[in-house]
Every structure is written in structure tokens, then in C-alpha cells.
Amino acid sequence: MNRKHVILTTILTAGAMLLSCADDKNSPETPQPPTPEKPSTGDVRVLTTTANRSKDLDESWINFSTKDNMSPSTIRLVPSTEFQTMDGFGAAITGSTCYNLMRMKPADRKEFLTTTFSPDNGYGFSYVRISIGCSDFSLSEFTCCDKEGIENFALSSEDKDYVIPILKEILAINPDLKIMGTPWTAPRWMKVNNLKDLKPYNSWTSGQLNPKYYADYGEYFVKWIQAMKDNGIDIYSVTPQNEPLNRGNSASMYMGWEEERDFVKNGLGPALERAGLDTKVYAFDHNYNYDNMPDQKSYPTKIYQDSEAAQYLDGAAYHNYGGDKDELTVVHNATPGMDLVFTETSIGTWNDGQNLGSRLTDDMEQVALGTVNRWCKGVIVWNLVLGEDEDGKYGPYRPGGCSTCFGAVDINRDYTRMTKNSHYYIIAHMASVVQPDAVRIGTQGFTAKGLTYTAFKNPDNSYAIVMSNSSSNDIKATVDDGSHHFPVTVPARSAVSLNWK
């Protein structure tokens with residue numbers, strides 16, 4: 001697939017290259033042989049990123065081999081074995097992300113968004129997540145109906161001044177972008193302290209949804225989807241509640257599996273149906289380990305057992321802040337007819353998030369490839385862009401939210417320099433070669449310690465394989481699709497994406 005890619009040079013850079021005249025190896029006194037030019041075309045397009053940034057989404061090309069394949073290290077594609085159909089890959093477009101993007105120079109912002117979202121001139125990010133109301137990365141606490149009465153619904157100033165303008169810019173670049181919406185809390189007038197006492201709970205943090213407002217809250221989702229549509233933005237999917245088992249976020253609301261089941265079948269599902277909306281609905285949207293709450297284990301599969309609720313659900317969404325990704329396979333095997341999407345993961349000071357050397361291959365293995373190899377049809381990381389404040393922290397973030405997070409991309413205080421972190425790279429490596437509606441296909445043959453990979457057949461009949469090598473040695477392999485084969489070297493501690501017709 002010969003897609004041109006714009007690579008930012010003045011922004012999205014890890015730092016400037018300093019040249020010393022006194023040590024100039026290309027000076028007349030120390031002539032050097034010319035550097036051979038890299039091929040600009042070939043049979044197989046390759047993108048490579050190394051953990052030491054010596055290769056930074058570098059593009060190269062490989063030609064098909066004309067000799068018979070006798071290699072013992074052959075990875076064979078098995079197109080007849082099909083798994084899930086992919087929706088896409090991307091990041092969260094939070095209020096904070098949009099605030100930072102809007103403070104950039106328009107030309108720099110356009111270049112960054114084109115590089116990130118264009119399927120022809122960029123990496124083709126194709127699936128984003130936004131909040132319904134505020135998140136912990138918003139400019140203030142709000143919902144779209146803070147005055148009691150669903151008739152008082154209205155989009156917020158953050159929506160109108162930041163999120164919608166940025167989404168419109170992205171949609172102009174990639175009209176096929178998929179958008180997921182998620183609330184962090186219901187309006188406070190809909191919340192109670194618990195489902196036994198049912199006392200009003202006028203707080204952004206914690207509380208539960210009053211069952212008497214199931215219908216109104218379902219209508220809240222409908223009004224939000226319709227309001228976004230009126231602004232030219234189609235909503236592809238929603239989840240009923242972000243992290244429903246987390247009471248402690250700056251904006252949050254507890255919703256156990258029985259509550260979510262009842263809200264879906266008595267509020268959200270019927271409201272979407274009455275409005276004629278085909279928006280996909282994904283249950284749960286929280287951690288692999290169900291926050292170690294025994295009564296919440298297998299949260300989505302318990303909801304699926306209720307046929308009234310299950311008829312309105314397309315699957316379940318997961319985060320990786322607790323537990324193991326193998327839970328995805330457990331849930332898939334229990335309910336193979338329901339989809340899985342991965343919707344949030346963060347980097348920060350706690351996991352050395354700005355150090356590509358410590359994060360690249362782990363995030364490839366755990367997030368990008370690990371979730372897809374366990375049936376996820378979409379992968380979305382947290383904030384696309386965060387900005388540095390005077391204290392050296394990245395946001396804006398709400399009090400009680402994450403003060404130690406980094407973005408997929410971080411931008412400096414004067415909005416002139418951007419630094420890509422691991423989450424940008426892992427999504428770019430997937431989205432750049434795996435088209436929406438691609439099918440994950442089988443592979444067999446060569447394996448090696450530290451090598452992780454997965455393969456796809458795209459709608460245009462091209463193939464893609466994405467590989468990660470966490471070992472300290474290069475790994476050489478041969479890829480064979482049954483009609484063509486070619487050699488590939490996966491450098492030590494790197495990610496490599498390949499695409500060919």
C-alpha cells in the first residue's frame with residue numbers, strides 16, 4: 001500500500017540534533033563515503049521504531065524474494081483462519097487534549113492532525129473516545145444537564161469551544177473516523193447516596209444513579225448523540241459508564257453490574273431504539289480484574305445472561321489498570337458472539353511513561369498486540385495530547401484526577417515542541433497498516449523469545465503484519481503469505497509494521 005506519510009520535523013520531535021563543527025566527520029579533512037539512498041518504493045512497505053529512537057517510524061521497503069522459500073524461520077500467514085473484524089485504533093480526544101491543540105498555531109495543529117489521522121498522508125488513527133460531560137481531563141466539572149430536568153439538556157462550553165471544533169478538523173482529514181462517547185458521571189440531580197436510602201447525592205465524585213431516572217438518563221444519551229449529529233459529528237459507540245467500579249475519580253459514579261443491566265434494559269437501550277439510533281453500546285469499560293470485587297467478577301457476561309439487556313449490547317470494553325489481558329480471552333470464550341474493545345490505558349511517572357526505552361515494547365506486547373490477539377476489535381489509549389504546566393506536570397487535569405499522567409504526545413509550555421511517547425507509537429504502528437474492517441488472520445511457524453506479532457487481511461486485499469521484539473538482539477524471519485515471501489529483520493527492542501499487496 002503506497003500511502004504517503006507526513007513526518008513532522010519541527011514538532012513531534014524528541015529533541016534537536018546538535019552538530020559540532022570541531023568534530024564534523026563530513027569536513028574536508030575527514031571525507032566520508034556517500035550514504036546509500038534508501039529505496040523509496042518496493043513490494044513491502046515497512047515502518048520501524050526502535051526504543052532508543054534511532055528509528056522513529058522510519059519508512060523503508062523490501063522486495064519479494066525470487067528464490068524458493070527454504071527458510072526455517074518462516075512465519076506463514078493463514079488467511080483461511082479468520083478472527084475479529086477491526087474497527088480501528090486511536091486515542092482519547094479529551095477536553096484537555098482539545099484545549100492544548102487549540103493553543104497551537106493553526107498550521108502546526110493541522111500538520112499534527114494530518115500526520116496523526118490521515119489514512120493517505122499520515123498514520124490513519126481511526127477510532128477516538130470522548131467524554132459525555134466532563135472527564136478527569138476537562139477544564140471544569142460539568143454535565144450536559146446540570147439544571148434539573150432533562151428538558152434543560154444543552155452541550156457545554158467545553159464541547160462547543162474545544163471538542164467539537166477539534167473533531168471537525170479531524171473529520172475533515174479522516175471522514176471515516178469512529179467516535180465513542182462515555183460519561184464519567186450522570187447529572188448530580190440524578191444521583192443518590194446508595195440504592196437503599198436513595199438520598200440525594202450532590203457530588204461529582206461517587207454516588208449512584210437513582211433508578212427513577214433511568215428513562216431520563218437514557219434520553220440524556222439520545223439528546224447528546226443527536227446534538228453531536230447536529231454539529232456534523234456521528235457517534236459510533238457509547239459505554240454506559242466510565243470505570244463503573246471506581247468511586248474515587250474527580251468525576252465518577254458507581255454502577256455495579258446489576259445496576260448497569262437494569263439501566264441498559266430500562267433506560268439506555270429503549271431510548272436509543274425509540275430514537276432510531278444504531279449506536280453501538282459496550283458494557284463495563286473498566287479493569288480486567290474488576291477492581292478485585294468478587295461480586296463484580298465477570299461483570300459483562302453476567303449482564304449478557306439477561307436477554308432483555310443483552311439485546312441492546314454489542315459487547316464489552318476494558319481498561320488495563322488492574323488484572324491481566326488474558327481476561328479478554330476468558331470473556332470471549334464465554335460469550336463469543338459479543339465484541340470486545342480496549343478503551344483506556346495510561347502512561348505516567350509511575351511507569352516511566354516518557355522513556356520510550358522502557359515502554360515501547362511492553363506497550364506493544366500488553367496493549368497494541370496483546371489486546372488484539374485476544375479478540376479486541378478496537379484499541380484506544382488515553383489522552384492524545386497533554387500540555388506541560390509551570391510545575392512540570394501535564395494536563396489540564398481536574399483535582400482528584402491524574403496529576404502524574406503523560407499524553408500519547410506531550411507539548412511544551414510555549415506550544416512549539418511536541419514529544420511522541422510510547423502510546424503514540426503503538427497506535428501509529430497498528431493504524432498505519434491495519435485498515436478499518438481488516439480481518440485478523442491466522443499465522444503459524446516461527447516463534448522466538450521476545451517476538452510478538454499478529455497479521456491481518458485488509459479490505460483492499462493487502463496484507464499487514466505488526467511485530468514487536470522485546471529482546472536485546474535483532475530477530476530475522478521470513479514472512480510468507482502463500483503467494484509471496486520476503487525476509488524481515490526486527491531490530492532489538494523495536495516495533496515493525498509491514499504492509500503489502
Side-chain angles (χ1 to χ4, degrees), residues 7-18 49 51-53 56-57 90-117 123 125 128-131 134-141 158 161-163 165-167 169-170 249-251 321 344-360 363 380-428:
I7 309 297
L8 295 183
T9 55
T10 57
I11 60 177
L12 273 187
T13 179
M17 181 180 293
L18 303 177
T49 299
N52 63 9
R53 297 186 191 261
D56 189 328
L57 288 163
I93 307 297
T94 59
S96 296
T97 286
C98 296
Y99 170 83
N100 288 305
L101 288 170
M102 292 291 280
R103 298 194 72 181
M104 293 172 67
K105 292 179 180 179
D108 288 346
R109 181 173 67 246
K110 182 177 181 180
E111 185 176 11
F112 170 71
L113 293 178
T114 300
T115 298
T116 301
F117 290 97
Y123 300 120
F125 283 37
V128 300
R129 183 169 176 247
I130 63 177
S131 61
C134 71
S135 74
D136 48 320
F137 280 87
S138 285
L139 306 182
S140 64
E141 284 83 11
E158 181 169 301
D161 296 341
Y162 293 100
V163 178
I166 290 298
L167 288 177
E169 288 191 35
I170 296 172
N249 209 341
S250 60
Y321 303 121
E344 190 181 317
T345 182
S346 293
I347 48 175
T349 57
W350 68 90
N351 61 6
D352 206 14
Q354 289 181 322
N355 183 349
L356 194 64
S358 65
R359 291 256 43 92
L360 176 64
D363 286 334
I380 304 172
V381 298
W382 194 211
N383 296 281
L384 176 62
V385 177
L386 291 181
E388 183 183 19
D389 66 18
E390 293 181 355
D391 297 323
K393 296 181 179 180
Y394 290 85
Y397 56 88
R398 302 309 308 147
C402 182
S403 63
T404 56
C405 285
F406 302 130
V409 174
D410 291 328
I411 190 165
N412 68 335
R413 295 175 203 174
D414 62 4
Y415 293 89
T416 60
R417 188 179 72 252
M418 304 180 85
T419 302
K420 302 189 295 287
N421 295 321
S422 64
H423 282 178
Y424 190 90
Y425 287 102
I426 68 172
I427 296 299

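In this text the structure is predicted, and so the values were computed from the model without any measurement.
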So, does [X] use its side chain to make a donor-acceptor pair with the main chain of [Y] at under 3.5 Å?
| X | Y | result |
| --- | --- | --- |
| Asp136 | Asn249 | no |
| Arg359 | Asn351 | yes |
| Thr97 | Val385 | yes |

* Checking side-chain contact (heavy atoms from CB on, under 4.5 Å) for the pair Asp363/Ile347: CA distance, chi angles, key distance, verdict? -> CA-CA 10 Å; Asp363 286 334; Ile347 48 175; 4.0 Å; yes
* Asked: Could you go step by step and tell me if Asp108 and Met418 meet the side-chain contact (heavy atoms from CB on, under 4.5 Å) rule?
  -> CA-CA 10 Å; Asp108 288 346; Met418 304 180 85; over 6 Å; no
* Determine, step by step, whether Asp389 and Lys393 satisfy the salt bridge (Lys or Arg N to Asp or Glu O under 4.0 Å) criterion, reporting the C-alpha distance in whole Å, the side-chain angles of both residues, the deciding distance to 0.1 Å, and the verdict. => CA-CA 5 Å; Asp389 66 18; Lys393 296 181 179 180; over 6 Å; no
* side-chain contact (heavy atoms from CB on, under 4.5 Å) partner of Thr94, chosen from Tyr162, Tyr99, Trp382 ->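 Result for side-chain contact (heavy atoms from CB on, under 4.5 Å) with Thr94: Trp382.
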So how far is it from [X] [atom1] to [Y] [atom2], rounded to the nearest 0.5 Å?
| X | Y | atom1 | atom2 | answer |
| --- | --- | --- | --- | --- |
| Arg53 | Leu360 | CZ | CG | 9.0 Å |
| Leu384 | Phe137 | CG | CZ | 13.0 Å |
| Thr49 | Ile426 | OG1 | CD1 | 11.5 Å |
| Cys402 | Tyr397 | SG | OH | 9.0 Å |
| Ile411 | Thr416 | CD1 | OG1 | 7.5 Å |
| Asn100 | Asn383 | CG | CG | 9.0 Å |

Compute whether any side-chain donor of one residue and acceptor of the other, for [X] and [Y], lie under 3.5 angstrom apart.
| X | Y | result |
| --- | --- | --- |
| Tyr415 | Arg109 | no |
| Ser346 | Tyr321 | yes |
| Ser138 | Glu158 | yes |

On a heavy-atom basis, which atom in [X] and which in [Y] lie closest, and how many Å separate them?
| X | Y | result |
| --- | --- | --- |
| Leu139 | Pro396 | CD2-CG, 3.8 Å |
| Gly401 | Ser250 | N-CB, 3.8 Å |
| Asn412 | Glu388 | CA-OE1, 4.0 Å |
| Arg398 | Ser135 | CG-O, 3.6 Å |

* Going through the checks in order, is the side-chain contact (heavy atoms from CB on, under 4.5 Å) test met by Met102 and Ile166? -> CA-CA 8 Å; Met102 292 291 280; Ile166 290 298; 3.7 Å; yes
Are [X] and [Y] close enough that some pair of their side-chain heavy atoms sits under 4.5 Å apart?
| X | Y | value |
| --- | --- | --- |
| Thr345 | His423 | yes |
| Asp410 | Gln354 | yes |
| Phe406 | Leu386 | no |
| Ile93 | Ile170 | yes |

* Validation row, ring centre Phe125 to ring centre Tyr424 under 6.0 Å ->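 Judged by ring-centre distance (under 6.0 Å), Phe125 and Tyr424 do meet the cut-off.
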* To do: Take Leu101 and Phe112, measure what side-chain contact (heavy atoms from CB on, under 4.5 Å) needs, and give me the verdict at the end.
  => CA-CA 9 Å; Leu101 288 170; Phe112 170 71; 3.8 Å; yes
